[in-house]
Structure formats: structure tokens, C-alpha cells
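In what follows, a structure is listed as C-alpha cells, so that the remarks can point back to it.
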2 protein chains.
Amino acid sequence: MLTTQRKAMLLERLSRDGRLVASDLAADLDVSEDTIRRDLNDLAAEGRLVRVHGGALPASPTHVPLARRQLMQTPEKARLGKAGAQLIQRGQVVIVDGGTTHLALVAALPLDLHCTIVTHSPGIAAALEPFQRVEVILFGGRLFRHSMVALGAATVAGYSGLRADLCFLGVTGVHPEAGLTTGDAEEAALKHGMLRAAAEVVVLATPDKIGTVSPWGVAGLDRISRLVTQGDRPNWLPPGVEHSDG
Amino acid sequence: MLTTQRKAMLLERLSRDGRLVASDLAADLDVSEDTIRRDLNDLAAEGRLVRVHGGALPASPTHVPLARRQLMQTPEKARLGKAGAQLIQRGQVVIVDGGTTHLALVAALPLDLHCTIVTHSPGIAAALEPFQRVEVILFGGRLFRHSMVALGAATVAGYSGLRADLCFLGVTGVHPEAGLTTGDAEEAALKHGMLRAAAEVVVLATPDKIGTVSPWGVAGLDRISRLVTQGDRPNWLPPGVEHSDG
DNA sequence: CCGATTCGTGCAATAACATGCAATAATGTG
DNA sequence: CACATTATTGCATGTTATTGCACGAATCGG
């Protein structure tokens with residue numbers, strides 16, 4: 001049997017059965033378990049499935065709807081979210097970007113918080129449902145699937161007409177020279193608009209984003225008011241930028 | 001059974017039943033209680049549930065309302081959703097209103113569906129994430145908390161400039177004389193705009209809404225193309241309106 | 001307070017894992 | 001064709017993960 005053919009069969013079985021068990025496959029296809037393992041690792045490296053102990057599971061978040069992923073909060077993100085939540089004061093108008101870190105922020109908000117939250121992320125908006133005293137403004141647009149946020153002229157226009165107190169900005173790179181960067185051009189432009197619409201800008205950054213650069217620039221580090229990370233303050237952070245350890 | 005798969009099943013049962021009992025699970029899944037305990041401890045360490053004596057409970061009580069309501073799909077609503085999903089044809093532009101019934105509609109869509117879905121509900125938009133080939137247009141506005149949809153001038157303007165093939169309209173009352181009604185004035189106006197923006201209008205209605213009236217009128221029964229209910233066609237349904245049993 | 005259940009820990013058996021190595025087959029190159 | 005290179009596979013090795021069991025401690029419900 002050809003290697004490629006075997007891998008195709010693995011994917012076929014995976015979508016049919018919803019899972020793959022390495023030992024069963026070795027017996028079925030009459031090859032060693034090592035071969036199966038190698039195949040599974042290859043396919044996992046291509047992102048076509050997710051490797052687990054004993055076999056593999058589907059890669060696509062098919063039957064894992066929003067609710068599940070909302071709860072998939074690492075303790076790190078929860079701490080970041082908690083640190084961010086403490087920065088919001090009663091009555092403020094706050095812009096909240098999309099992303100799982102900001103979902104953690106919402107989860108850390110006190111239930112009786114009284115403020116206005118502006119977002120272009122349907123996930124953030126939906127998560128704000130339990131907060132009776134939070135006014136939620138949602139900007140629409142065409143949904144950018146990768147990060148599940150609304151993008152488009154209407155979105156940009158919405159932020160350009162806004163004067164907010166605080167903005168929680170999500171980026172995929174925080175670098176001493178490249179500054180704040182993200183993976184999509186249009187998203188970068190929108191984030192720049194969000195940044196300009198707020199008096200203070202806070203970036204919640206997990207450790208994997210510190211010191212890294214993504215293709216599209218959003219703004220320089222001196223444009224943000226505070227960086228929340230895990231660990232000590234990076235020594236390259238401009239003096240005007242505050243820092244907290246989440 | 002793969003360990004990862006078993007843990008996923010535990011989370012699924014948790015969100016379905018609202019609690020987990022270790023001893024029951026051990027018997028159900030045919031593993032020792034030690035294994036279940038270890039699984040529960042792992043998941044608790046990841047913050048995905050809260051460990052209690054004898055089992056586990058959902059992690060974030062604040063978000064259970066939303067999560068629960070999303071998963072609280074009665075078999076009736078699932079059937080309605082399935083019936084509605086079959087009405088969508090490839091390439092169409094479809095308006096989908098908010099509400100749990102329409103969440104069931106999204107859940108029933110085929111994963112490879114290729115169409116454009118327009119909505120002003122962040123929950124619907126978020127639920128559409130797994131559908132790679134569905135273009136999602138989200139209209140924004142101020143979030144109306146009771147039904148978790150965006151309302152406002154921008155929302156109305158969005159629909160008024162749209163020509164869609166199909167519209168799934170949610171109402172709280174379907175009555176022979178009062179027609180389609182809902183509980184909020186502004187929402188009623190918006191729904192009227194949605195109805196006018198689509199060539200065909202479908203109403204998915206659970207039995208508790210048939211024959212009831214809410215304060216604010218949306219449109220007469222003759223303005224809809226199809227009513228999907230559970231059971232026989234109401235004899236007062238205008239002849240021009242099609243009917244299906246979901 | 002007591003019995004029953006549940007919990008945590010250590011332990012051992014088994015399964016699955018990564019890694020390096022060698023044999024073989026397929027492919028590329030002069 | 002001759003030869004080198006690469007890909008694929010199975011095997012041996014040591015490591016890690018998973019699981020069930022045993023035992024004593026902690027907890028629960030009266």
C-alpha cells in the first residue's frame with residue numbers, strides 16, 4: 001500500500017468514525033504501529049487531525065461549538081483577564097477587541113459592573129449577556145473567520161466616530177522595534193482605528209506574543225498606556241508605558 | 001476509548017446535565033473510579049470544571065445561563081431547526097433572526113454549506129464559526145439584552161439596503177387575526193424591515209407560540225411564505241402560506 | 001460520634017511514545 | 001547503467017502515559 005494512499009484512508013476513517021486508534025489501525029492495515037504513528041504525526045503536523053495519546057481526533061472544531069471553547073481558558077489567560085478587569089472603572093466606555101484572552105477578561109468582570117462596552121466581536125458580545133448593567137454596543141460587518149470579528153467599512157466608521165475611555169487591544173506580536181503587530185492587513189487597520197478612539201490603550205499579552213513580530217503593524221509601543229504580561233516588565237518597554245503582571 | 005475522547009465526553013455530559021457524579025461515570029464508561037477522578041482533576045486543573053466531593057460542577061457559574069440556554073435544545077427545537085435548514089439552497093443569501101430556535105437551525109446546517117448568512121444576533125454569528133464556506137454578515141447596534149440581538153438605526157439601515165432570498169423570522173406570537181407579533185416595539189419594527197428585505201419569509205414556531213399574541217405587531221400572516229410548526233397545518237393559515245411539520 | 005463514601009498517594013502492569021538504527025525500495029544523477 | 005541519495009518501514013531501546021489496585025486520610029450524613 002502506498003503511503004499517501006494509507007494517509008488518505010486514515011483521514012477517511014477519521015471523518016467516518018470521529019476518532020482513530022493507532023493499535024487498531026496497525027492490525028487492520030497490516031503495518032507496524034510505528035508506521036501508523038508516523039502517519040498520524042505527519043498528518044498532525046499538516047493540521048489535518050489532532051494527535052492524542054493512543055490515536056487521533058478530528059482537527060476541525062466541528063462539534064465543539066462556542067460554549068466549549070469559551071470554557072477552554074488556560075489559567076494564564078484567566079489571570080490576564082482578571083488583571084485587565086480591574087482596570088475598568090464604573091461608568092467608563094470601554095472598547096474590547098476579540099479573542100480568547102478578552103473572553104477571559106469578560107469572564108473576570110464583576111457581575112454588577114456598570115459601564116458601556118463597545119466591540120466588533122460577536123463572541124465578546126454574546127459573552128456579555130449575563131451582565132445586566134453593561135450596555136453593549138456591537139459594530140457589524142463581514143465576519144473575518146480566522147479571528148471571528150466583524151471587519152469592513154461600517155466597522156471602521158463606527159470606531160472613528162467614538163471617543164472611549166479605555167481600549168483593550170488584541171495583537172499577536174509585541175516587539176521592541178516592530179511594536180504592535182497582527183496577522184491581517186485589514187484587521188491591523190481596524191485596530192489602529194480602535195486605538196485612536198480611546199484615551200487609554202491596554203494590551204493583554206500572553207508570554208508567547210512577547211518579543212514576536214507578525215506581518216502587519218498596528219502602532220508603536222509608545223501608543224499604548226499599559227502592557228499586561230506574565231512576568232517581569234520587559235526592559236525595552238518605553239518608559240511612558242505602564243506595566244502590570246497578570 | 002481514548003483518554004482525550006473520554007474527557008471530552010465528560011465535559012459534554014457536564015454541560016448537558018449540569019453536574020457529574022464520579023461513581024456513575026465509572027459504571028457508565030466502564031473504567032475504574034480512579035480513572036474518572038484523575039480525569040476530573042485534570043479538567044479542574046485546566047479550569048474547565050470545578051471539582052466537588054463526589055464529582056464535578058460547571059466551571060463558570062456566571063456563564064452557565066448562556067451556555068445552558070444554547071445547549072438547552074429540546075428535541076422539538078432540533079426538529080424545527082432541521083426542517084428549516086433544508087429550505088436553504090446553495091448560494092442563497094439568507095437572513096437569520098436571533099433566538100434559540102434559530103440556534104437550532106444553525107446547528108442543523110450541513111458543514112459544507114455554501115451561502116451567505118445575514119444576522120443581527122451575535123449568538124447566531126458566533127455559532128456560524130465552524131462553517132468554513134458560509135459568508136457571515138453581522139449587523140451591529142446597541143445590544144437589546146432580553147433577546148440578545150443588536151438594535152438601532154444602523155441595524156435597520158443595514159436590512160433596508162439588502163435583497164435576500166430567504167428570511168428566517170422569529171416571533172413570539174402567531175395568531176389568525178393579530179398575525180405575527182413580538183414583545184418589543186423596536187424589535188417589531190426591525191423584524192418588519194427584515195421581512196421586507198427577503199423574497200421568501202419562513203417562520204419557525206414552537207407549539208407554545210401558535211395562537212398567541214404579543215403586544216407589538218410585525219406583519220400579517222399573508223406576508224410569510226412558510227410556517228414550520230409541530231403538528232398539523234392550522235386551518236386559519238392563509239391559503240398562500242405553505243406549511244411544513246418539523 | 002460512627003459508618004460509609006470519597007479522596008489522595010504510592011505502586012506496579014500495561015500500553016503508547018520518541019529515537020536511533022538498519023534493511024529495503026524508490027528516486028535522482030552522472 | 002552505476003552510483004548516490006532519499007523515502008519508507010520495521011525493530012530495538014529507553015521513556016512516558018495511562019490505568020487499576022491497595023492503603024490510610026479526609027469528608028459526608030446522620
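Numbered from 1 within each chain, the chains take letters A, B, ... in sequence-line order.
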Whole angstroms only, please: what is the CG-P distance between B:L43 and D:dT18? 12 Å
Shortest side-chain distance from A:T35, nucleotide among D:dG10, C:dA18, D:dT8: D:dG10
Base contacts versus sugar-phosphate-only contacts with protein, heavy atoms under 4.0 Å: please encode nucleotides 22-30 of chain D as B, S and - from 5' to 3'. B----SS--
Between A:E200 and A:R226, is the closest basic N to carboxylate O distance under 4.0 Å? no
Tell me: CG of B:D39 to C1' of D:dT18, nearest whole Å? 10 Å
Within this structure, what is the CG-to-P distance between B:L2 and C:dA15, rounded to whole angstrom? 15 Å
Given atom CD1 of A:I36 and atom C1' of C:dA15, what is their separation to the nearest angstrom? 16 Å
Main chain of A:G170, side chain of A:K191: is a donor-acceptor contact present, judged purely on distance under 3.5 Å? yes
State, without any angle test, whether B:T100 and B:K77 hold a side-chain donor-acceptor pair at a distance under 3.5 Å. yes
In terms of heavy-atom contacts, B:I124 and B:L103 come closest through CD1-N, 3.8 Å
Within the structure shown, what part of the strands sits under 4.0 Å from A:V52 by heavy-atom distance: base, sugar-phosphate, or nothing? sugar-phosphate
In terms of side-chain heavy atoms of B:S32, which of D:dT19, D:dG20, C:dC7 is nearest? D:dG20
Let me know the distance between CG of B:L40 and C1' of C:dT6, rounded to the nearest Å. 12 Å
Pair A:R48 + A:D42: basic N to acidic O under 4.0 Å: no
Just checking A:D42: base, sugar-phosphate only, or nothing, at a heavy-atom cut-off of under 4.0 Å? nothing
Looking only at D:dT9, C:dC7, C:dA16, the nucleotide nearest the B:A22 side chain is C:dC7
Interatomic distance, A:D30 CG vs D:dT9 P [rounded to whole Å]: 13 Å
Verify the distance criterion only: is there a donor paired with an acceptor across the side chains of A:T229 and A:H243 at less than 3.5 Å? yes
Whole-Å distance between C:dG10 C1' and B:R38 CZ? 11 Å
Roughly, in whole Å, what's the span from CZ in B:R6 to P in D:dA17? 16 Å
